2 protein chains.
Amino acid sequence: MGSGRITIEDVAAAAGVSRQTVTRAMNGLPEISRRTRELVLRTAAELGYRPSRFASNLAARRKTRAVGLVLGSLRNPYYTELAAELLDVVAPRGWHVLMASHEQGDAVELVAALSGQADAIVGYFPGDEAALVAAARGVPLVQMERPATVPGMHAVVLDFDTAIEALLDELRARGARRFGLVELAAPAAGDGAGRYRPTFRRQAYERHAGPDSAAAVVVADESIRGGADGLARLRAAHPDVDTVLVFNDLMAMGAMQQAQLDGVAVPGDLRVVGVDGLSLGAVMTPPLSTLSIDRRALAEEAAGIVGTLLDGGEPPPHPSIVRTVTPRPLWRESA
Amino acid sequence: MGSGRITIEDVAAAAGVSRQTVTRAMNGLPEISRRTRELVLRTAAELGYRPSRFASNLAARRKTRAVGLVLGSLRNPYYTELAAELLDVVAPRGWHVLMASHEQGDAVELVAALSGQADAIVGYFPGDEAALVAAARGVPLVQMERPATVPGMHAVVLDFDTAIEALLDELRARGARRFGLVELAAPAAGDGAGRYRPTFRRQAYERHAGPDSAAAVVVADESIRGGADGLARLRAAHPDVDTVLVFNDLMAMGAMQQAQLDGVAVPGDLRVVGVDGLSLGAVMTPPLSTLSIDRRALAEEAAGIVGTLLDGGEPPPHPSIVRTVTPRPLWRESA
DNA sequence: AGCGTCGCCGTGAACGTTCACGGAACGCGA
DNA sequence: TCGCGTTCCGTGAACGTTCACGGCGACGCT
């Protein structure tokens, strides 16, 4: 009983063999007899021996990569579908994925915790960028839906300006006269903690929905309930709104539910369109129109950045790598 | 240019300082002057130095735990909500979570890959248990919804027998006369790869739904589309079925969608009840009744097993630890 | 001048495993 | 008996970092 941990030497001593023989037994290597293998395995089990994965990986010069993924919430299908895509993208390369969400703590804490276990961290990081790269302790950060402004931080951003302009044009062609927006109360990709800052979606909306539409904005929580509540408030304050854009699909589902509750016909009385492009939107009644974000593309761009950062030339190519993905309208029946 | 990797010594040499000074600079430790810290940081960046997390964790005697989580799919909210719960449960303990899903490969491969990076692996493992524990190379496995039959494998199981009996009783009280079941084609928790084996849900159904109901079973894929397709086939073959139990909520959503498409009133003409208890079921029209699985309890039991296994007395307490969770009906309007 | 303190920096020795060897014991044919 | 191959097993030396020291100037105080 040295200083706590049971090492390979303890097992070797107890079994009356050498280190190397224990290794052979544990890892199923050849050059060991059936008898001793079983002996070693048995005594290892009795002692409760558990190899140190750190020592093992170090000694074996294993180059296995792990990327941390920080999401807003695992209860929002958008994030989990993004996670699914990222897994699909990085699995062929043999990378592992460490998961974390904002529900577990401050982004800076999450990054700090992850930095010891991951070779790169991608995802949504609210908070001060400088603090984030400091917490990362040298492991590269790839931020989503927010441009990178400090070295060490990279990004894949969404071009909402282009996307929302096109979306609103088409909605007008379909008869929309008065727009409204259900905006996010505490932007996941925002800057300050707790402090509200208009999201890129809102900025694009206000730029393209007409001068009088900037007033028809309510903020709501990022949940089904929040979306329902938001729509109720929006309609109370602006009864003339005939087309509402909702921050994301989850909230849009809540909004549609609320509309149904209030006897408002969708899309007859009110056009509803979300953002995200969740497949679950298709099973709503009516199916939800949405500004679809190509999560596969997001994942691929992020993985691409990580790849060039990790496997690329020794010096980091550029201060910051930024790539862009443009959302596209997905017309279903709700608008 | 030793043998590829840039080590701390390379940086030290390039900066004209010692190992320890580089460590101090990289980790923000005291006992170093401002000048040299910046010098070291700069040369480290130029060289593209990236500390080995394995060496670091080993030398620092860090005891950070990581648990692997193997799920069926990240596109099924049931799994991701379970993941969310597990994260919530283990985050306070400071554990990390490595994510993997069946979509990325065979469970045995996943376990083998994860075993090098995780201290324990929990989740859904189709396939031969012995092969799984072999692939785990000593790291404990906690299996969900399937009892453990070999040492090294532990489990948290679901008591569908009790739950489904109660469910069917209540459905009969509500007027159900003829039951049907949409069963899973390729059970995630099954035994063989590809080879069909009745799930515990089906076994319980057949035991309690009456002798004539065993025939009214169709198998379908684990997806919304699969559920829709399954219901269509079930109704074609058994038009007299007035109450259908669907393997999970995702498939049940598809079934409801199909019913609506076919002009079948739910619950008027057909009662539909799923399994899982997804919160998203509440936004369906009509809201989906379901046999709710307490994912928080599942996660807590799994984490509990891992905890006793890892922190417990040196010898593993028992050949196998098995804990049970009982699903409970969640009545909404679809039944 | 002597002494203690403080700030900065460097040197062995871990940490727990795997890799590349080398070597003993045994069997077998010539 | 010798030679040779097989099978099994053990011994340094890595792997790349952090920890616990110890050293060495500079400075201030008595």
Side-chain angles (χ1 to χ4, degrees), chain A residues 1-41 43-44 47-65 115-119 137-139, chain B residues 1-41 43-44 47-65 115-119 137-139:
Chain A
M1 57 187 74
S3 51
R5 181 170 197 117
I6 297 162
T7 78
I8 198 174
E9 308 252 22
D10 297 329
V11 179
V17 297
S18 74
R19 264 186 345 230
Q20 181 63 10
T21 299
V22 177
T23 296
R24 281 190 264 255
M26 296 297 296
N27 297 0
L29 299 176
E31 306 195 12
I32 184 176
S33 74
R34 194 166 190 73
R35 301 179 55 85
T36 50
R37 157 165 291 140
E38 283 163 6
L39 167 67
V40 169
L41 255 30
T43 69
L47 261 51
Y49 168 62
R50 180 169 316 296
S52 157
R53 67 174 192 276
F54 297 131
S56 172
N57 281 305
L58 175 60
R61 289 164 198 73
R62 245 165 253 151
K63 300 281 282 176
T64 143
R65 331 219 90 142
S115 69
Q117 297 275 349
D119 300 298
R137 286 174 161 225
V139 340
Chain B
M1 57 188 75
S3 50
R5 178 166 200 122
I6 298 162
T7 78
I8 199 173
E9 308 251 21
D10 297 329
V11 179
V17 297
S18 74
R19 261 185 350 227
Q20 181 64 9
T21 300
V22 176
T23 296
R24 282 190 265 255
M26 297 297 296
N27 298 0
L29 299 176
E31 307 195 10
I32 184 177
S33 75
R34 193 165 191 72
R35 300 179 55 86
T36 50
R37 155 164 293 140
E38 283 165 5
L39 167 67
V40 169
L41 254 32
T43 68
L47 262 51
Y49 168 60
R50 180 170 317 293
S52 156
R53 65 173 195 276
F54 297 131
S56 172
N57 282 304
L58 174 60
R61 291 163 196 73
R62 246 166 253 151
K63 300 282 280 177
T64 142
R65 331 219 91 141
S115 68
Q117 297 275 348
D119 300 298
R137 286 173 160 223
V139 340

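Quick caveat: nothing in here was measured; it's all calculated off a predicted structure. Letters A, B, ... mirror the listed sequences (proteins, then strands); counts begin at 1.
The pair D119(A)-R53(B) counts as a salt bridge, with a side-chain nitrogen and a carboxylate oxygen less than 4.0 angstrom apart.
Using a 4.5 Å cut-off on side-chain heavy atoms (C-beta onward), S52(B) and R5(B) make contact.
Atoms CG (L47(A)) and P (dG16(C)) sit 15 Å apart, rounded to a whole Å. Atom CD in E9(B) sits about 12 Å away from atom P in dG10(C), given to the nearest Å. We find that CG of L29(B) is positioned 12 Å from P of dA20(D), with the value rounded to whole Å. Atom C1' of nucleotide dC15(D) and atom CG of N57(A) are separated by 11 Å, given to the nearest angstrom. With rounding to whole Å, L58(B) atom CG is found 9 Å from dC15(D) atom C1'. What separates CG of D10(B) from C1' of dC15(D) is a distance of 14 Å, to the nearest Å. One interatomic measurement links the two molecules: CD of Q117(A) to P of dT17(D), which rounds to 16 Å at whole-angstrom precision. Summarising the geometry, the separation between CZ on R5(B) and P on dT17(D) is reported as 6 Å, rounded to the nearest angstrom.
Mapped onto DNA chain D by nearest heavy atom, A60(B) and R34(A) fall at different nucleotides, with R34(A) at the one closer to the 5' end.
Considering CZ of R50(B) and CE of M26(B), their distance stands at 9.0 Å, rounded to 0.5 Å. Distance OH/Y49(A) to CG/D10(A): 9.0 Å, rounded to 0.5 Å. Rounded to the nearest 0.5 Å, atoms CZ (R65(B)) and NZ (K63(B)) are 6.0 Å apart. Between the CD atom of Q117(B) and the CZ atom of R62(A) there is a distance of 9.0 Å, given to the nearest 0.5 Å. With rounding to the nearest 0.5 angstrom, the CZ atom of R24(A) is 5.5 Å from the CD atom of E31(A).
Using a 4.0 Å heavy-atom criterion, one finds that P30(B) contacts no nucleic acid atom at all. N27(A) comes within 4.0 angstrom of the backbone, heavy atoms only, and of no base.
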Nucleotide-resolved protein contact map, nucleotides 9-14 of chain D, B/S/- at heavy-atom distance under 4.0 Å:
BBBBB-
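Out of dG16(C), dT18(D), dT18(C), the shortest distance to the side chain of S52(A) is found at dG16(C).
Considering only side-chain N and O atoms, T23(B) lies nowhere under 4.0 angstrom from the phosphate OP1 or OP2 of dT17(D).
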